[in-house]
Amino acid sequence: MAEYDFKAIESKWQKAWDEQGLYRQEVDRQRPKYYALTMLPYPSGDLHIGHWYAMAPSDANARYHRMRGYNVLFPMGFDAFGLPAENAAIKRGIHPRTWTMKNIENMRRQLRSMGAMFDWRREVVTCVPEYYKWNQWFFLQMYKRGLAYKKMAPVDFCPKCNTTLAREQVVGPERLCERCDTPVVKKDLDQWFFRITAYADELLDFSKIDWPERVKTMQANWIGRSEGVEFDFQVRGTEHRFRVFTTRIDTIYGVSFAVLAPEHPLVDEVTAPENRSEVEAYQYKASRQSEIDRLSTERERDGVFTGAYAIHPLTGKDIPIYVADYVLMSYGTGAIMGVPAHDERDYDFARRMGLPIPAVVAPPDWDGQSSFGLPYVEPGVSINSGEFSNLPTEEAKKRIGNAVIEKANGKWTVHYRLRDWLISRQRYWGTPIPIVYCERCGIVPVPEEDLPVILPDDAEFLPTGESPLKFHEKFLHTTCPRCGGPAERETDTMDTFVDSSWYHYRYLSPHRDDVPFDPEEAAYWLPVDQYTGGVEHAVMHLLYTRFFTKVMRDLGLVNFDEPMIRLYNQGIILAEDGARMSKSRGNVVSPDDLVERYGADAVRTYLMFMAPWDQGGPWSSRGIGGAVRFLDRVWRLVAGKPEGAGDKRSAPLEAAGLHRLTHRTIQKVTEDFDHFRFNTAIASLMEFTNELYRLVGTPVYGSPAWEEAVDDLLLMLAPIAPHITEELWHQRGHTTSIHLAAWPVPDVSALADDTVTIVVQINGKVRDRFEAPVNVTADELARLALALPKVQAVLDGRAPRKVVAVPGHIVNVVVG
RNA sequence: GCGGGCGUGGCGGAAUGGCAGACGCGCUGGACUUAGGAUCCAGUGGGGAAACCCGUGGGAGUUCAAAUCUCCCCGCCCGCACCA
């Protein structure tokens, strides 16, 4: 018997599969389709073990579905635009294209070494004109429909990346850049946006997708829908009004102050002369605040009085107007009504400023006299609210809301935290935004027939913090497509999240230059059945791609609402020391080395065995030895005659017993594959292998039951370890690929044994067990259990207080 | 603070309310070997000579029976964080 030479086997079969075109994926209307998609990598240069953890189990799932009779599409590509390439260019003088393409070449090689069933003919590289042309085309379609627009706005800017960012790309209360962790700053800039807010309500509807609760919750929180009332406050003694938004209009009788955000335009207008210097000092302090680190979460809620008063719309009372930075100009109307008794923040502020705190909502079971804790923010019953007193909160909202609407120019409105998607990037290595600025015609979109607007190669990369396109005369200066006069091109490029919002459509026909994707292919393959990837994309990529699909639907390109039906988030592989892997820590595990040392099949097997897929965990350089040994045992079991093997503690199985075990294993492994429980699937296959070892040298060895068992073992292992199983499959005389074979189906009639072990408990503790025929009734089981010597000894002549018998499982005798 | 997840041997992890610790790593002893970081056999939660007792973060509860269900507490991880 030859040794298990994984190197020879893996390279042999990778080459053979390639030559046979085994993984070519074509439309076949005779078979049901299954579009399996895993997030495409950024070509950083090296495939990380984390990429393997994302892709190898995805590949096993794709292979499993293929064996189950589905026509599977499982493509791969590269998310190739982005900053690292440009930074490499600035630092080392390599052109971003050269750097990126070289990295892609290396990563393609690394990906091939995994032995995945990617159809490389469908590969997508997002930085080539044949791809980004369609980014530009989508931009133009959106522009036509008012979904892409330009506006001057205070936007987030990362000083290290030298570019603006979308709101989603600013992380945490510290407001750090998602890429580089640098604190972002606000800048007023004229920028391009996609009107994702137009789809806010639809994006909140998750009824058509089977996604993890966590992701849906994160998206829902991000969208942040809240319903309430907007109305005007009149400023006493002036014509000025300011508008506020509240979700608790039922508490309006509890207003004891109003607050304007420091940036609110009315602050200057209403501030009394004697308060001016204090207010301006506060505004200055607040404007610095965003630049100073805002680390202290428990900041005091402070503010200053403007000297002006608003008129309460229902009571007509004077309401002092304050300026305070806990009110944000960027949310709602930038002004609020202060109800300290029923809002935590207003409460803190009122306490600090010495303002009254009148209660206008009481707990539902309030007795009318005793005090209750303030602030009271739960629903309850309105009190001290004039004609609206004694109403439950919901009812009070409706009645008071309508009254305010009438008296104070109000309306019911919905506010969202979701902002429009800022797509302008002041960087070179991205898709040029297809817009020109004409002196006469203003903003003019590039005509579709002129696409793509090519990103020029001969740009100069200088660490100036400005886009090289700004200084590229030939790119910059152009003629207006409308009037033919002199014009300048837009020099901003698109956010790379635009690329990844629709790449899974481009896989269908990556080289078509007349349409973004082939409608015939689309009709068959779409939508994606199973998407897998990291949860870090929950509110960026995964929100953007849903938005894109809804736009594409409205453009008539597709006839469904959601891009991916099911989503699964794999866990994260940590370094051996339990920390995150990073080059600086020097704890990175290199898949190339592992493949060299143990083979791709062993790496795949171990990654799927080490933990539940959604959990991840620390890599173990020892643990992989277990996977290596397992494959080696399978090899010796099938390829040769293993000697003297097997646990001798009990009698080995008869043929019928082996047949039963085979089919029980098939049933268990099939169930596990259906739920991505690769770790327990592999454990079952290990147990099965161990049992087969025990049968070596017995009459069952070589019998039909044995041959069936070995074939089924290989079939079930094939999606996990595709090379070794293919080799052994052929050694066993099969002439076609194991990956074209059908997944074994459990023979239900073979699953049941004649007898079953019944556990006997006394007072809930296991004391004995016995074999009983499977169909014995509960009464009979109880009788059999009571007759056992151990049970008799404990009972010692007494009658049991109770006997619980569960057929097929257990008998519990309760005594004493 | 709010929302979600998780706490099981020395380690990774298994367990439709029904035998806790499957499977693997590691470890101990043995066989075979010139050799073993190969392979095979036996053992391996803790205590105890044994019968048996104790054990799934801690405490209470429901149940004939709880890692699993309920409540309270502790710890860790992730997300959001002045969103009116």
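Each chain gets a letter, A, B and so on, in the order the sequences are listed, and its residues count up from 1.
Side-chain contact of A:R633 with A:N690: a donor-acceptor pair under 3.5 Å is present, judged by distance alone. Between the side chains of A:Q570 and A:T532, no donor-acceptor pair of N or O atoms lies under 3.5 Å.
Within the 3.5 Å criterion, the main-chain N or O of A:N409 finds a donor-acceptor partner in the side chain of A:R243.
Of the candidates A:Y606, A:Y568, A:F673, A:F678 forms a ring-ring contact (aromatic ring centres under 6.0 Å, His included) with just one, namely A:F673.
Side-chain proximity of A:E687 to B:C64, B:C78, B:A22: nearest is B:A22. Across B:G12, B:C19, B:G24, the shortest atom-to-atom separation from the side chain of A:A611 is found for B:G12. Here B:A84 is the nucleotide among B:A84, B:G12, B:U39 with the atom lying nearest to any side-chain atom of A:V327. In this structure, of B:C25, B:G37, B:C40, it is B:G37 that holds the atom nearest to the side chain of A:R597. Residue A:T217 places its side chain closer to B:G3 than to any other of B:C19, B:G3, B:C53.
Comparing the C1' positions of B:G30 and B:A22 gives an interatomic distance of 26 Å, to the nearest angstrom. On the P atoms, B:C27 is 32 Å away from B:C78, given to the nearest whole Å. A gap of 15 Å separates the P atoms of B:G59 and B:G9, to the nearest Å. The separation of B:U16 from B:G12, taken at their C1' atoms, amounts to 25 Å, rounded to a whole angstrom. Comparing B:C2 with B:C53, their P atoms are spaced 44 Å from each other, to the whole Å.
For A:Y322 and A:F349, the ring centers sit closer than 6.0 Å to each other.
Minimum interatomic distance between A:M337 and A:T246 (heavy atoms only, all atoms of both residues): CE-OG1, 3.6 Å.
Put simply, OG1 on A:T680 and CD on A:E671 are 9.5 Å apart, with the number rounded to the nearest 0.5 Å.
Put simply, A:Q615 has no side-chain N or O that comes within less than 4.0 Å of OP1 or OP2 on B:C6. At the phosphate of B:A84, neither OP1 nor OP2 sits under 4.0 Å from any side-chain N or O atom of A:R417. Remark: A:N679 is in phosphate contact with B:A14, judged by side-chain N or O atoms under 4.0 Å from OP1 or OP2.
Nucleotides of RNA chain B nearest to A:V804 and A:G626 differ in position, and the one nearer the 5' end is that of A:G626. Nearest-nucleotide positions on RNA chain B for A:V806 and A:S684 put A:V806 closer to the 5' end.
A:P612 comes within 4.0 angstrom of sugar-phosphate atoms only, judged by non-hydrogen atoms across all strands, and of no base. Counting non-hydrogen atoms under 4.0 angstrom, A:R629 reaches the backbone sugars and phosphates but no base. Across all strands, A:S620 comes closer than 4.0 Å to no nucleic acid atom at all (heavy-atom distances).
In secondary-structure terms, RNA chain B builds stems of at least 3 consecutive Watson-Crick or G-U pairs, each pair having both distances under 3.5 Å, at B:1-7 with B:74-80, B:10-12 with B:23-25, B:26-31 with B:39-44, B:45-47 with B:52-54, B:57-61 with B:69-73.
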